[in-house]
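What follows is a single structure, and I will ask about it in a moment.
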Amino acid sequence: MTHPSLKLHEPVGDEVKTTTCYMCACRCGIKVHLKDGKVRYIQGNPDHPVNRGVICAKGSAGIMQHYSPARLRKPLLRTGERGKGEFREIEWDEALALATQWLGDIRKRNPDELAFFTGRDQSQALTGWWAQQFGTINYAAHGGFCSVNMAAAGMYTLGGSFWEFGEPDWDHTRYLLMFGVAEDHDSNPIKLGLGKLKQRGAKVLAINPVRTGYAAIADEWLGIRPGSDGLFVGALVQELLRNDWVDFDYLVRYTNAHYLVVRNPGGADDGLFARDAEGRALCWTRAGVAMPADAIGIAPVVVGEFTLADGRRAVPAFQLLAERFLAADYSPERAAEQCGIEAATIRRIAREIADAAFREEIRLPQRWTDAWGRTHEEMIGRPVSLHAMRGIAAHSNGFHTCRLLHVLQMLLGAIDTPGSFRYQPPYPKGVPPANRPGKSRKPDGTLDAGPLGYVHAPEDLLVDANGEPRRIDKAFSWQHPLAVHGMLQNVIANAVAGDPQRIDTLFLFMANMSWNSAMNTTRTRRLLVEKDADGVYKIPRIIYVDAYASEMVEFADLVLPDTTYLERYDCISLLDRPISDADGASDAIRHPIARPDRDVRAFQDVLLDLGARLGLPGCVREDGSPRYPDGFAQYMVEHERAPGVGMLAGWRGRDGSREGTGEPNPQQLDRYKEHGAFWHAEVPAAGRYYKMANRDYLEWARGLGFVGSTHAQVIELYSERLQRFRLAALGHGAVQPPARERERVARYFDPLPFWYAPFEWEQTDLARYPLAAITQRPMFMYHSWGSQNAWLRQITARNFLYLHPQTAQALDLRDDDWVWVESPHGRIRVPVRCHSGTEPGTVWTWNALGKRRGAWKLASDAPESQQGFLLNHVISELLPPRADGYRYANADPVTGQAAWFDLRVRVDKAAVESEDSGLTPHRIEVARA
Ligand code: SF4
């Protein structure tokens with residue numbers, strides 16, 4: 001048989017440029033092949049530390065994002081009623097003059113009347129800084145509706161997080177537990193890592209209501225009921241405690257498990273650590289005396305109750321943990337009832353992870369020095385890793401569930417040891433990191449700190465004299481004190497209600513808030529066009545920035561068209577969301593490799609231009625001239641957050657010889673371009689594990705400006721910080737919550753993690769709404785910013801409601817039948833498909849496949865609008881009213897994380913109107929409740 005002769009190595013272009021992918025959050029290195037200046041082909045960059053040459057479906061389909069017919073072409077000014085999509089094209093001068101006038105008036109009057117919210121962009125180091133220069137507290141990005149529970153629980157527990165701030169030790173782990181992971185931010189590194197685990201025969205266990213994505217290649221899948229993960233983990237904790245499968249040495253070395261907690265019910269010191277005169281937390285020792293808990297050469301005890309020298313009673317934090325988790329509430333039998341996983345299975349999993357941790361201990365012959373100066377000849381590790389993401393985060397109990405995962409890691413001694421979860425530099429950065437959210441304006445109108453940060457104590461909250469929220473999204477208020485990413489999902493409803501205040505302008509960047517990024521999409525679209533009695537829109541002005549004709553465009557008054565990611569400078573900064581791996585710190589750039597063929601401008605350039613026109617202090621020189629007339633590229637090189645600290649860590653110093661910190665280097669971007677558009681610095685071999693207490697690591701990290709000192713960072717099994725909020729709610733301290741918030745704060749600011757039923761379970765008639773409903777994006781679209789792509793839509797352009805075959809049988813349903821999915825908030829008619837990889841009490845669908853007819857330049861009969869649907873229509877952004885009528889956000893009470901996956905529904909067979917066409921449009925009926 002003869003084969004056709006194929007020229008496999010024929011060059012596809014005449015030029016190859018390296019840059020960074022923007023098709024999802026992973027930010028892989030790519031090589032873009034061009035011919036006559038046109039993009040022809042995109043491949044992975046084999047030299048890049050993130051993906052090492054791997055490219056996914058999204059990344060290679062970037063070419064279609066670049067040439068998408070949905071690209072906006074020119075600034076637009078609304079001419080008709082808002083929401084009708086009637087615009088006229090205008091010149092940039094007119095667009096920027098208008099925006100300057102609107103924003104300038106606000107800044108003179110009250111900068112907080114600007115709500116500046118960004119979606120899934122990766123420019124928060126710039127946009128947050130700009131908001132600070134403008135002086136508004138009302139700024140956030142999309143984390144609040146994504147996975148902030150995961151980030152916040154991690155930062156407030158171990159000073160790092162799963163997300164993209166840590167990773168499993170792919171080279172040594174022998175047992176990986178993945179909770180609620182679909183695809184993920186660390187997309188290609190996880191694929192590479194799973195490949196290593198499969199080669200080595202390590203066990204991969206997926207705990208997830210749906211078996212798709214990475215779970216599809218897991219060795220074992222546990223179909224857990226949504227919202228019950230915390231109870232499952234609590235039962236594992238009970239088994240570890242009951243069998244003494246605990247690494248006590250690790251606990252007393254690296255965590256606060258041995259710290260003495262004062263037992264003084266009703267007292268102002270109840271639940272706080274006992275401290276000596278210098279303020280050092282104390283522990284009880286086998287010598288029968290209290291000693292500073294961070295002293296070396298002592299033998300702390302972790303159970304018992306003791307009398308301090310001043311007569312107060314105190315117990316080690318671990319004792320409190322054991323009291324809680326050895327109780328019947330966390331027995332495998334109790335967990336089995338809620339989780340849908342048999343008690344015997346829970347016990348087996350506990351035994352398996354204990355065996356992996358303690359019988360397969362890893363010893364690496366690597367000398368290292370701990371933070372106290374002691375030298376160790378080996379690095380000893382527990383090869384059990386955890387990874388978790390949105391599936392457990394997007395619940396009203398997500399913060400404590402995520403903290404529970406970290407407690408499980410602590411008990412196993414499996415945080416940053418060989419074989420376990422590992423921090424990625426610059427983390428750990430303190431528990432929590434030091435930066436607090438800005439609260440007040442300085443004389444020049446700028447905010448005293450960036451608008452987002454970490455609240456350390458009640459004094460840091462953004463509340464007024466009555467304790468009521470100051471921010472439009474109610475982040476950092478007593479309702480959601482640790483809302484470290486803000487609460488984008490609440491902005492529109494709150495702004496329209498004037499609760500807590502009215503705003504003048506909503507400035508959105510890449511946030512599709514009228515469609516798949518909104519809870520209760522239909523109501524949100526109504527709110528966006530709602531007017532006062534005098535005919536003025538309740539949100540008077542909306543400025544929207546996007547590269548594409550997304551559903552949000554039609555609601556804008558002024559549209560500023562962005563470039564594609566191949567046409568602009570971008571900065572993947574360590575000040576923002578880093579792309580490091582556990583063995584090295586990295587940052588990267590994007591740079592224009594194609595010229596726009598439309599009248600569009602990079603948003604980063606536009607923001608700096610607007611800042612200069614507004615005279616924002618950081619954007620102008622002393623003489624009032626623009627500080628960055630050449631735009632974001634100039635800012636990336638010259639801007640310093642602190643002396644020597646800039647957006648990029650590579651090739652700093654006038655001659656480019658410094659790393660981490662140093663003077664701006666005018667040639668810096670050239671160096672990046674020569675080096676594949678990234679910078680990477682290896683962690684020294686002696687600093688690769690125990691980063692929270694490893695002098696070799698901490699000195700390296702301090703040298704690069706990541707940490708301020710080489711003191712050990714203590715992992716917090718017990719959160720004294722949360723207890724201070726609880727004490728405030730109980731009437732102690734200078735800053736206390738208003739009366740109506742006290743019970744809620746006292747309950748949810750528990751210093752130890754706990755499991756409680758998601759709010760919708762408690763507030764919904766579960767007999768009427770017996771099924772949980774969740775969504776996820778398909779792997780080939782996960783976190784893809786553009787949301788619509790000509791190649792990717794050929795894989796899937798419509799979605800179904802998936803349910804287990806047994807569930808379908810009970811409801812007399814077959815593939816392609818139509819059903820009503822009804823929640824307490826409305827109902828939607830959709831087609832179904834059976835899927836045996838679904839937990840029988842759960843239904844689910846792909847999110848964001850459904851598109852609004854007319855959006856994204858899709859044909860009017862495109863399957864996305866005719867057959868695709870959003871479950872968002874039946875999710876409420878508010879919880880049912882309290883007794884006094886007040887409605888809290890449908891969110892976690894600690895962090896404000898949107899509780900997307902608390903949704904409860906019923907499913908009923910629906911009549912089909914045009915069975916022959918197969919094109920029956922879905923129908924939506926909402927807001928009945
Ligand atoms: S889409 Fe994401 S995972 Fe895929 S190549 Fe691009 S950055 Fe990497």
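Remember, it's a predicted structure, so these values are computed and weren't measured experimentally. Each ligand, and each atom within it, is numbered from 1 in the order the structure gives. Note that the numbering runs from 1 along the sequence shown for the chain.
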### Task
State which residue, out of Gln424, His680, Arg422, fulfils the side-chain hydrogen bond (donor to acceptor under 3.5 Å, both in side chains) condition with Asp583.
Arg422
### Task
Could you check Phe162, Tyr214, Phe421 and say which one makes a side chain to side chain contact (heavy atoms under 4.5 Å, CB included) with His387?
Phe162
### Message
Using side-chain heavy atoms (C-beta onward) and a distance below 4.5 Å, is Tyr22 in contact with Thr20?
### Response
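They are not in side-chain contact.
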### Query
Which N, O or S atoms belonging to the protein are less than 2.8 Å from atom 8 (Fe) of ligand 1?
Cys28 SG
### Task
Answer yes or no: is there a donor N or O on one side and an acceptor on the other, between the side chain of Asn45 and the main chain of Lys31, under 3.5 Å?
no
### Query
How long is the span from the OG1 atom in Thr18 to the CD atom in Glu674, to the nearest 0.5 Å?
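Reported value, rounded in 0.5 Å steps: 10.5 Å.
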### Query
Hey, what's the ring geometry for Phe116 with Phe507, parallel, tilted or perpendicular (30° and 60° as the breaks)?
parallel
